[in-house]
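Each remark here refers to the structure printed beneath this line.
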Amino acid sequence: MTSFFIFLLSFFCLFKPITFFSSSYIFFDRSLFLLSVFFIVFKIIKNTNFNTLSIRNSITHDVFFLLVFLSLAFCFFSCNSLIFLFWLEICVFIIIFLIFNFSKDQDKVSSTFFIFFLNILGSIPFILFCFFVDTKGESFLCRWFLFEGLIRIPLIFLSLMILLFKLPIFFSHFWLTKAHVSASGPLSIILARLMLKLGSLGLLKVSCFSLNCSYFFLRFLTSVSLISCLFFNLLMIFFFDLKFLVACSSILHISLLVPVTISSSPIGHLSNVLITVGHGVSSLILFFLLTLLYEFSSSRSLDFSKCQESSSKFLGKWIFIFRFLNLGIPPFIGFLRELFIFRVLYRISYYYCFIFSLAILGSLFFTILLVLKILFGKKRDSGDYVELPLLHVIMKFRFFYLLFFCRFLLCFYSLFKILLCDSKE
Amino acid sequence: MIAKNKEAIFIRIPFFFFFNTFIFLFLLALLIFRRDSILFRFFHPPIFSPFSFSFYLDIKIIWFLLMIFLVTRIVCVYSELYIEHYNNFKFSMLIIGFFLRIIFLILSESIYSLAIFWDYLGVTSLCLIIFYPNKTTMHNSFLTSFFNRLGDVLIVFCFCLLLRDPVKSFLNSRPSLLFLSLIFFCGFTKRAQFPVSSWLPAAMSAPTPISAIVHSSTLVTAGVLIYQKVFSSLREIGFNYGLIFFRRITFFLGGLIANYEEDLKKVVAFSTISQISIIVVFFSIFLYWFRIIHIIFHALFKTLLFCSVGIYLISIFGNQSSHTLASDKFLNLIVSFTLIRVFRMRGLLFSSSFFSKDLILEFLLRSNSLTFFFLVIGGGLLTIFYRAKILVYLFRFPNLFFISSHKKNYSFFFITFIIIRLTLGPYVTKIIYSSYTPRVSLVETSFMLLIVSLRFLFTFPLSKFLINQRIDIFSIKSSIFRTVSSQGMRILALDLSIDHIIFKPAILITKLTTPLKSGTSLYWVRVFFLLTVASVFYSNSLSEHSIEDAKVKEYSYSFNLKNENFECLNYTKANIVKALGGVFLSKTQFLLEKLLLLG
């Protein structure tokens, strides 16, 4: 089975990679890196059976999971905006199907509704955008047929709303949190790792349009994203569902993508890549660890899962490491991410830098809270709680080191790219 | 109980790892013998960018490394005695990690490496505080990490500005005001200055050896180091004006809160806060060697203070509230001995820190505004008060419910301490001389060694006096357990009569606050000193003249400069000599002038 997927991935490599407008700066195709998650996810599916209903053992689940992956792959490798939308919607519908049929959550209906509604709300203007904008060959080259005059700018941004929904902007983030809570572990991994990146990818493709646009939307969106950062920093102290917390942290990091990409600078481009890849790696591992916890302690609450320093050192160690990597420890991506966001925000206005610094300060709260609550505490009597079987863990142990190393490498790689390209504006 | 189980290996390995400190540093000095400095450059980009990862080794940096090696060595020995041996692997790994990170921070030349290790220091300090996981440590770790994060954020902001203008990352360029102000406030966080100083007493919930390394000497000097790396190539006096307010307020506040604090370790923490605000004065005086040396001495004193306080805490099973403190005659004789000596090093004549501390205090007292003047005086007084407080608490005779600890072999610990104290003082002062004068005479060094050895004669009877008088003075029925008692002040007058000949304002105010009978012998001692002090004050206010020939050679990284604007060194030692007279004190003048003059 795994060999088949390797073959598939290699087959996808034959497609031409996506060329952006400023493609000379990046030739690292992050989509392959992100899509390589599928092996891990499939192994998790085989071994975990607590998150979903007993119907999970059916073939439909596996097939639809494959279809999610395929649709996402086609989404990533699409060159036309219409095809992008097509596969995006297919992916969304499949996810809705999976959540609706195979999840144990009480609120799955509302979560599916949220996804569905926001998708539809954004897709119709995007279709208009696709038809009015002439695409030629590889890239989203544009010709202004009907978008003349002052109406151009708002229409563009309204048509690109779907991307902003997929990349969760503050007031449309609800679908993500609900989806993560409702979905099973591997599905949430795929959600976090791939679905959110579609929004960023789409934004990159259409970032050329922002060159001619005013600063109004830029400033509006930056303020919204910064408000979301501050809000989530404070909000996450009060909640106890681990998946919800990780989803909120992902929203926090990804919402900063918007001002960065729309600023249409090479640093923005690079920081987009850094944010997405970094978030992908950390979210993968965090969700994986949470699914492990959920499997073996049958609860996702923060107050219940504690004392991992003594009961399962594996979990404690890796949760600690990856939460702190999310914060921003220097040689890794988090530091560069923060740095470049600072740089871009400084370009827009230096007031935003101070607010962003507040947000970074506040991000410490929930990370430390989470880490301390998980690591420390009185050990429970070993009645319900079962220790992790080690074989199950060792199989995936190598992936952790690989991914960690990859993350480390990527920071140097990105530095290399920075040095080669001119970092000034 | 010395560790005899398997866990002992993890404690003893670090000790042997740090055993060969002087050898290592000697080798490093040999490396630098031919060249003035060494620069390691990993990942140096061809284009101007702040992402260079480079390290720099100089004779001045070797002094910092010496401090850290010594401190860790002392603490490794101490931790073998102090720590309960159930998780030594974690402990030793944390200490080694912290040690390596602080070393790389000291060695780092580029801001990128500095930022890396700065962040790592914050994370490791968090881990160290959570060594004993309970509720209070969790809260306190939260506080410390918050303030550390503040510094990290400011560094990231600085990096952003460097990205904008990459030429700023070089030494010769002139950074912008925003950049400088950011680093200015960044140092505040690590160094626990006035607005962001609450994390240091909270961090006392870490084990005592860890607080001895971290919160006395290394972490708080990181805030000083960043100033050194950024501001050393600048000659801005405006920097001083920015610091004045915060410096003096921390100096005062540290003492004020320490006076009312009941937890002994927190008293020591507040003392570090106040003393480090003094260290920063050296950045405005531009005297490099004094800076390093004062930092080194302060670090040693503080570690030893923490260790000796910790020995008392063992008897009450690590409970840091001082209500249950008690002392045993035989156990704590040596410890009290060391404690008193540690306190008196702060300003004793011809001790290690005399030269630097006295200079600083003179400089601090020079101001046109009365508020700052009284702040400094008050702060100086309060240092005495909290020192007395500690001594009073520790010499309290035990009640019936005294629990004695099992006997531990502290001899090795104290031998190392004594050796270090004896060797460092004259050696370092010799270095001071040699940097400013080409030759040093044997007479002066021998004189200094004599004084250093004579100190023991002063301290031993004093401690004996304190311990023997314990029962009579600190009776259970006296109502002043929590504050400094009047009888304690009498003892302090003795202490002062030996030590603080130059610490003028404290003497004045002790007289004002304590009641006295005219018949006692101490009264006349105090009167004598008051007269001298009054004369000094009067003479100071009348005639202020600068030592015109005072020029100091300042060695920066890359070029020599001569500093001509030295208003800060309007020094009035000549007046003291006139007031007190005598060959003994003229010698001080002679030596000090020699310090300040060019060779």
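Reminder, nothing fancy here: chain letters follow the sequence lines and each chain counts from 1. Quick caveat, the model's predicted, so the values are computed rather than measured.
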Next on the checklist: Under 4.5 Å from any heavy atom of chain A, what part of B/C127 do you find: side chain, backbone, both or neither?
Outcome noted: side chain
Next on the checklist: So, taking the atom named CG in A/L364 and the one named CZ in B/F147, what distance separates them when rounded to the nearest 0.5 Å?
Outcome noted: 11.5 Å
Next on the checklist: Is B/L126 in contact with chain A via its backbone, its side chain, both, or neither, using a 4.5 Å heavy-atom distance?
Outcome noted: side chain
Item to check | Geometric class of the A/F365/B/F146 ring pair [parallel <30°, tilted 30-60°, perpendicular >60°] | outcome: parallel
Checklist entry - How many angstroms lie between atom OH of B/Y132 and atom CZ of A/F376, to the nearest 0.5 angstrom? => result 13.5 Å
Checklist outcome for this item: Exactly one candidate in B/L114, B/D152, B/D119 meets side-chain contact (heavy atoms from CB on, under 4.5 Å) with A/P330; the answer is B/D119
Next on the checklist: Nearest 0.5 angstrom please: B/M138 CE to A/L369 CG, how far?
Outcome noted: 7.5 Å
Checklist outcome for this item: Of A/L358, A/L345, A/V344, A/L327, the largest count of non-hydrogen pairs under 4.5 angstrom with chain B goes to A/L327
Item to check | Side chain to side chain, A/L375 and B/I130, heavy atoms closer than 4.5 Å | outcome: no
Item to check | pair A/I360-B/F157: side-chain heavy atoms closer than 4.5 Å | outcome: no
Checklist entry - Roughly how far, to the nearest 0.5 Å, is CZ of B/R149 from CD1 of A/I368? => result 9.0 Å
Next on the checklist: Which atoms of A/F324 are under 4.5 Å from chain B, going by heavy atoms: the side chain, the backbone, both sets, or neither?
Outcome noted: side chain
Checklist outcome for this item: Whatever's closer than 4.5 Å to a heavy atom in chain A on B/V156 counts as both
